[in-house]
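Here is the naming used below: chain letters follow the sequence lines, and residue numbers restart at 1 for every chain. Bear in mind that the values here come from a model prediction, so they are computed numbers and not experimental data.
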Amino acid sequence: MDFQLSEDQQALKEGVRTFCDGRISADQLRELEKEAFDRDLWGELAEMGVFGLRLPESEGGVGLGSADAVVVFEELGRCLAPGPLVWSHLLAGRVEGAASGECVVGGLDLLGRGEDPVLVEHLAHIDALVVLREEGVYKVAPGSLEGAPIETPLDPFTPVHHVASLPEGECIADAAEAAQLRVEGAALASALMLGIAEQTQEMATEYAKGREQFNRPIGSFQAIKHILADMFVRQELARAAVYAAGATLDDPEVGSVRRAVSTAKLVAGEAAMKNSRSCVQVHGGMGYTWEMPVHYYLKRTWVLENVFGGVEEHALQVAEEIGERG
Amino acid sequence: MDFQLSEDQQALKEGVRTFCDGRISADQLRELEKEAFDRDLWGELAEMGVFGLRLPESEGGVGLGSADAVVVFEELGRCLAPGPLVWSHLLAGRVEGAASGECVVGGLDLLGRGEDPVLVEHLAHIDALVVLREEGVYKVAPGSLEGAPIETPLDPFTPVHHVASLPEGECIADAAEAAQLRVEGAALASALMLGIAEQTQEMATEYAKGREQFNRPIGSFQAIKHILADMFVRQELARAAVYAAGATLDDPEVGSVRRAVSTAKLVAGEAAMKNSRSCVQVHGGMGYTWEMPVHYYLKRTWVLENVFGGVEEHALQVAEEIGERG
Amino acid sequence: MDLRYSDSDEAFRKELREWLAEAVPAHGSPPDAADWAGRRAYDTGWQRKLYDAGYAGINWPKEYGGRDASLTEQLVYYEESARARAPYIGVNFVGILHGGPTLISEGTDVQKERHIGPILRGEQVWCQGFSEPGAGSDLAALKTRAERDGDHYVLNGHKIWTSFAQVADYCELLVRTDPDARKHRGISWLGIPMGLEGMEIRPLPTLTGEGEFSEVFLENVRVPVDCLVGAENDGWRVTNVTLAFERGTAFATDMVVFQEVMRELAAVAKRVTRNGAAAWEDRSLRAEVGHLAAEVEAVWAMVKYTVSEADRTGVPSVSASGVKLYFTELKQRIGETCMRVLGRATLSREDVDGLPCQSFVYEALQSLSMTIAAGSSQIQRNIISERILGLPREPR
Amino acid sequence: MDLRYSDSDEAFRKELREWLAEAVPAHGSPPDAADWAGRRAYDTGWQRKLYDAGYAGINWPKEYGGRDASLTEQLVYYEESARARAPYIGVNFVGILHGGPTLISEGTDVQKERHIGPILRGEQVWCQGFSEPGAGSDLAALKTRAERDGDHYVLNGHKIWTSFAQVADYCELLVRTDPDARKHRGISWLGIPMGLEGMEIRPLPTLTGEGEFSEVFLENVRVPVDCLVGAENDGWRVTNVTLAFERGTAFATDMVVFQEVMRELAAVAKRVTRNGAAAWEDRSLRAEVGHLAAEVEAVWAMVKYTVSEADRTGVPSVSASGVKLYFTELKQRIGETCMRVLGRATLSREDVDGLPCQSFVYEALQSLSMTIAAGSSQIQRNIISERILGLPREPR
């Protein structure tokens, strides 16, 4: 057992971080606010191997595993990289051009869902839409959907269309694969939320060191210190859970994959939600402005909480295993 | 509207407080630990009018209302007065000798209960047992019960018997009255918990002012201050809710009685539970000893949370009203 | 201990309810949030109607044209206004609830003549220039300077979180008139006209996307000395006198609205489907909503308790900080539950399929400011622990 | 990033599991909590069996008779011991996990000779005399004096929270040897025999009703100078060296036990009836239990992460404070849920109708100490924010 990053993983992580710092900084992100998508950036992400990461090298991929993928998505979450990252990654190898970035693949998860309004993310930017249904994985031509764009989406970087009618599309994989994609999607969404939890903790800590009130840095007050300490602990817990989900996906003999992934989604979701809220609070009035990027993190978290199963579903998933063995 | 204590209520409250300070102090309580009941004290409480408080003067009672009763029970909760106070108060006028204290009345609430083990409180000390059932209120002779005493009860002042067989007893009131007694019981239990919330807040505040670590009173640290501030707010919220329940029982036109009472049980329960836990934490190691009376409060709260409806039941009660009007 | 309103309170309620039943629909729908001229007209128009009907300045003394309502009447006013969905106080907020009361208490006759009537009739809009980038929780650290030059002050500084600056006629401005005094001692309260030379207003959009706040930059702005309200360097005290006007009723409207929000949440939960049935069928969700509704009910009882105390003693209850602290955090928790019930529909901030995405998402976002503005939760806990519980101050 | 145990770890697990399968049942049931002689015999007897089988001092260096297991082997050891419900370390706690390691690192040859072997074989029981009534969170404020008198120290003071003092042979005692030095600088670490003249032990029952803690009063107790471990006045450093021995595994047993508790909770929820059906039928309860179980799983992953980090670097991970903080508060939340599921049955601390009242109530009560002992949650948050996040210290 060596539950730490390998040297290769460390290098991978640093590479992605360096790329994101230079290409998806807060200022650059702000400029993307209008369009919420950048085809050039997408190509660069593809080139870095984000989408083909787990595709075998023989199929043009990077040939890495889920443990590597969660590390990459952790970094992408940190910088709030926009676009249907998870879907395009999941469908690499199944949809032509997904790995290379030539085909931007979006998705819609109808598994375990009620009769909510059908909201499709990034519809205007995708070349293929994949739908997870009980019966299997379906590919739908985005142009065939009847839908109206929502003018003010929750997350400025996650535009949505409200779709009135969804064609069935072409079945490209069976029910078992749909379920598997959903589990992998949940793990990657967790990794994005882990990145959010880390970044908001670091932003809040930096701000608390610099901001002075009552002639002291606010970070010298216990009330603020203890908020930050709790943020740190949630981030550490989330990291362990997300990495465990990745490692378990790669080697299902070390534990229950579903349980590990549900745990990651629950714990990373809570970390991202509470940390981004705390980040607003520590920033005070500035955290409530549009200009400071703090709110982007909370809004993205709300989006990620609503894909690949919500809190209750994953909690029940864990309970089911506990109950079986009880 | 004058949602403050009247002069009479203020005097009543102070009278009970003075009595409790002199007769049920922490030291005196500790001496009661073995027996958990003091017949003399019971007589004195009766003489003060605790049981006959809401009985008309024509029937030998004090002729006051529920708003007065919650004030009295708030004070009794503060000092953890032992014995089946609520039951004897509820049954005054319905069971001979309850108001005068000659007949100690205990009770068992089977309404809305599952098939939990039947645990009867204070069985060894009561002269009459009253059972609330769907069909009505039943009076059972305590001696007719087959039960074994539990050697280590949760709360040292609330001895329980595990009863294997419970006779039906004599029906003394109908289903509507059973339901009404239960609502009143919930209000009085809330008042006891309000007293617990207040007392634990005050104990913790006093301790924090006196206890020094790192050359400062621990109450000068924000971490401790903010715990205490939250305790204070919970107590204030609980007081408003409990008094509102009392006032609404007296004058049902000012609001929904069930909603007011359920609100009181929820809010006072949470205040008592969180404040008694916080009181342990603020006291540090000393709070974990048997000698300091802090733990009595938490244990009593657990007992009170389990009578006249628990958290979920009362929350659903409020939801039902919200939903009807929705 | 009596929750029953008096006959005269009930008579007031009846009369007000009848008036609102006609006046509210007649006033029409509010204009678009970005239409500032329209908003000013809408809000001040409503204020004028209140004035004509005798409901303006509900808590102002009669001699200044207010209603001087008792605190219970004020509660009735807030209840009925919220129930009738009457227009919010909007751009009149600072004038009616803050600037006006301050002038009544501390202004000269000339100042009162200039402002009181116009504010009450909706003819004069005020904004607030208190906070600065470096003076938030620590308001007394403000640095905006006012230097005396003959019969003028020359103002230099930078204010932030100024609401409705775009449409205001006057600004209540806290400035430092004595830079050498200890920080609370060198502050003065000015009521200055807007639109002066050297004044720049820059919008400050919030995370809700709204633009009702601005930053105000002051560069050598000259204002006549008669803008000074109260004595020079006595501005900290002047600032605090107005707080007594509210005496615990600050969140009353909001709480009545939130009782309504809880019912709306239940209604939404009956409509959305989860696990093959209406979400409301789920005990756990019902219990959660019921628990939150109970907390709204309890905090509303706490307001009544606080108001009754203030009615008796004439001073605001110490519990007002507690109401603020509890209610603002409760609003955030309710916001989270609303978001969860709507689920994926919250990805849209416009209503979809008849679900109230617009208002639920807005409330959830807006609630984030509540634990920051007007004394953060951390500051409230300091106040409660030090001023009410008497715990020792931290070493500085 | 690999969660798979190595072949040699798995071989160790297999061998240990087989041994435990025989040894645990053979050791019989633990004696009554109040039977101190019996408890000492039971716990030290088990220690002797561990020793004979080669599992004693799992983390001690080989040269001192320990197993010097890798950290992953230690995890395996804790997992298997918990799963086999092997006897707890009990009265051996201080000797094996604290006093012994301190002596190994800092003791003289004579001291090692006197203590190491006997501790490992269960022949010598130690207790801890660190905390004092006035020195809890602020341990370095301790006042117990040791004054040099020839080749003896004369001890005067009052220790508290001394576990197993009734049955201990030795005590690790922190004393002040230089009252004039700054508070961390005048402290020394002594290993003194129990039962000396002038020493009084007074039981200190906890709110669980148990009596494993005592207060120890020292009045002119004379101990030979060769009880001193490490240099005089260097006791603060000596105290801290042993912490490195655990390197993040402190709660491993507890966490494995709590994975089991979650399963037991589910089993109980299937048995008790609520609203006319098994409590477990209620989605909300299942979701709550599932969420708590996920947190236990996550914190267990955090331990593995921490241990792997320590394995690589040889120093304890900074995250150990985080594990402590999160897990202890989680235990309290689990305790609350267990109490609620049992409902009214918790009024009894004895099992009724086969429900585990005894263990559930005990855990809920015992968990209250977890956020206080060994550095309260407040202290942990200070440590994390100052030492890990680098936030400035408070002014003193």
Distance from [X] atom [atom1] to [Y] atom [atom2], nearest 0.5 Å?
X: Leu368(C); Y: Ser276(A); atom1: CG; atom2: OG; value: 9.0 Å
X: Tyr288(A); Y: Leu204(C); atom1: OH; atom2: CG; value: 11.0 Å
X: His162(A); Y: Ser348(C); atom1: NE2; atom2: OG; value: 8.5 Å
X: Cys357(C); Y: Leu119(A); atom1: SG; atom2: CG; value: 7.5 Å

query = Quick one: does Gln332(C)'s side chain get under 4.5 Å of Arg277(A)'s, heavy atoms only?
reply = yes
query = Side-chain contact, heavy-atom cut-off 4.5 Å: Glu312(A) with Asn275(C)?
reply = yes
Among [options], which has the most heavy-atom pairs under 4.5 Å with chain A?
options: Ser376(C), Ser377(C), Ala345(C), Ala364(C); result: Ala345(C)
options: Val272(C), Leu355(C), Thr346(C); result: Thr346(C)
options: Ala279(C), Ser369(C), Ala373(C); result: Ser369(C)
options: Thr208(C), Val361(C), Asn382(C), Thr371(C); result: Thr371(C)
options: Ala277(C), Gly134(C), Ala140(C); result: Gly134(C)
options: Arg340(C), Gln358(C), Gln378(C), Met339(C); result: Met339(C)

Got a donor-acceptor contact below 3.5 angstrom from the [X] side chain to the [Y] backbone?
X: Lys299(A); Y: Leu207(C); value: yes
X: Glu350(C); Y: Thr152(A); value: yes
X: Asp138(C); Y: Phe214(A); value: yes

key: Val160(A) versus chain C, the contacting section by heavy-atom distance below 4.5 Å   = side chain
message = Does any backbone or side-chain atom of Ile227(A) lie under 4.5 Å from a heavy atom of chain C? Answer side chain, backbone, both or neither.
response = side chain
inquiry  = Run Trp290(A) and Glu210(C) through side-chain contact (heavy atoms from CB on, under 4.5 Å) and show every step you take.
reply    = CA-CA 9 Å; Trp290(A) 190 281; Glu210(C) 285 184 323; over 6 Å; no
[atom1] of [X]: more than 12 outside heavy atoms within 6.0 angstrom?
X: Phe37(A); atom1: CZ; answer: yes
X: Glu200(C); atom1: CD; answer: yes
X: Arg387(C); atom1: CZ; answer: no
X: Arg176(C); atom1: CZ; answer: yes
X: Arg333(C); atom1: CZ; answer: yes

Kindly give the heavy-atom pair with the smallest separation between [X] and [Y], and that separation in Å.
X: Ala135(C); Y: Arg211(A); value: N-NH2, 4.4 Å
X: Trp302(A); Y: Leu365(C); value: CZ3-CD2, 3.7 Å
X: Pro117(A); Y: Asp353(C); value: CB-OD2, 3.4 Å
X: Met286(A); Y: Trp161(C); value: N-CZ2, 4.1 Å
X: Arg349(C); Y: Ile150(A); value: N-CG2, 4.3 Å

request  = Quick one: which of Gln222(A), Gln213(A), His295(A) has the most heavy-atom pairs under 4.5 Å with chain C, could you say?
outcome  = Gln213(A)
note = Counting heavy-atom pairs under 4.5 Å with chain C, the top scorer among Asn306(A), Leu298(A), Val280(A) is Asn306(A)
message = Arg344(C) vs Glu121(A), test: salt bridge (Lys or Arg N to Asp or Glu O under 4.0 Å). Steps then yes/no.
response = CA-CA 11 Å; Arg344(C) 212 173 140 75; Glu121(A) 302 165 26; 3.0 Å; yes
key: Salt-bridge contact Arg274(C)-Glu313(A) (side-chain N to carboxylate O under 4.0 Å)   = no
Using non-hydrogen atoms only, which part of [X] is less than 4.5 Å away from chain A: side chain, backbone, both, or neither?
X: Ser131(C); value: neither
X: Leu285(C); value: neither
X: Asp282(C); value: side chain

